[in-house]
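Notes to accompany the following structure.
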Amino acid sequence: MLLPAKAEVSRHLQRYRAWERAMLAAPADSSVRATFEDTGYTLCVLMGKRCAREAADAAERYLRSGTETALWKQGARRTKNVARRSGTRPNRRFPAGH
C-alpha cells in the first residue's frame, strides 16, 4: 500500500482543523462551509476514508505511528472482520508445497 508523506498529511490535517474552527465560528457563511467541505474531501482522499472525521482521526493516528503504520493495521483488521461477518474465510494463498 502506498502511503502519503507525513508532511503532506500534517499540512492537510492542520488546514482541515483551521477551517473546522472557522466553520464553527461562522456556520452561516457558505464560502467558509464550502472550503471546509473541500478540505475534508481532500483529507478523505489522502487517507482513504469516506468520512472527514474518520479521515482526521486516521491522519492523527498515522502521524503518531512509528514505522508500522496505523493505516495498514486498520486495513488488515477490516479484512478479517468482513470475512468473519460474511461467514466465509479470507482467500489465502500459500507458497507451493505447503
Side-chain angles (χ1 to χ4, degrees):
M1 171 187 239
L2 185 62
L3 298 174
K6 286 192 175 189
E8 280 295 305
V9 173
S10 177
R11 186 170 65 88
H12 286 287
L13 180 60
Q14 288 174 0
R15 189 167 187 249
Y16 172 78
R17 292 295 186 205
W19 281 106
E20 181 180 40
R21 287 188 298 274
M23 202 271 308
L24 290 172
D29 188 339
S30 61
S31 65
V32 171
R33 180 175 291 276
T35 306
F36 169 65
E37 290 174 356
D38 287 346
T39 59
Y41 176 77
T42 302
L43 198 59
C44 286
V45 170
L46 191 64
M47 301 308 297
K49 299 292 181 185
R50 290 184 172 203
C51 170
R53 288 185 189 269
E54 289 177 11
D57 290 343
E60 288 171 350
R61 280 192 308 272
Y62 178 57
L63 293 172
R64 284 193 307 259
S65 71
T67 56
E68 207 174 349
T69 66
L71 291 174
W72 184 85
K73 286 182 185 178
Q74 188 177 17
R77 207 173 316 130
R78 185 177 300 132
T79 302
K80 289 178 186 175
N81 290 340
V82 168
R84 191 174 301 132
R85 282 193 306 255
S86 67
T88 62
R89 303 191 92 173
N91 185 9
R92 295 189 178 145
R93 295 183 182 175
F94 295 99
H98 284 89

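Only this structure's heavy atoms are used, side chains among them; waters, hydrogens and symmetry mates stay out.
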Which residues satisfy the side-chain hydrogen bond (donor to acceptor under 3.5 Å, both in side chains) test with Asp29, sequence neighbours excluded?
Ser31
Side chain to side chain contact (heavy atoms under 4.5 Å, CB included) assessment of Glu60 paired with Asp57
CA-CA 5 Å; Glu60 288 171 350; Asp57 290 343; 4.1 Å; yes
Apply side-chain hydrogen bond (donor to acceptor under 3.5 Å, both in side chains) to Glu8 and list each qualifying residue two or more places apart in sequence or on a separate chain.
Arg11, His12
Testing Leu43, Leu46, Asp38 for side chain to side chain contact (heavy atoms under 4.5 Å, CB included) with Tyr16, which one passes?
Leu43
Give the minimum heavy-atom separation between Lys49 and Ala58, together with the two atoms involved.
CE-CB, 3.8 Å
Nearest heavy-atom contact between Ala52 and Gly40 is CB-CA, 4.0 Å
Counting C-beta onward and ignoring hydrogens, is there a side-chain heavy-atom pair between Pro27 and Arg33 closer than 4.5 Å?
yes
Point-to-point distance, once rounded to the nearest 0.5 Å, from CH2 of Trp19 to CZ of Arg15
7.5 Å
Donor-acceptor contact below 3.5 Å, side chain Ser10 vs main chain Ala7
no
Leu3-Leu13 co-clustered via ILVMFWY side chain contacts under 4.5 Å
yes
Could I get the full list of side-chain hydrogen bond (donor to acceptor under 3.5 Å, both in side chains) partners for Glu20, not counting sequence neighbours?
Arg17
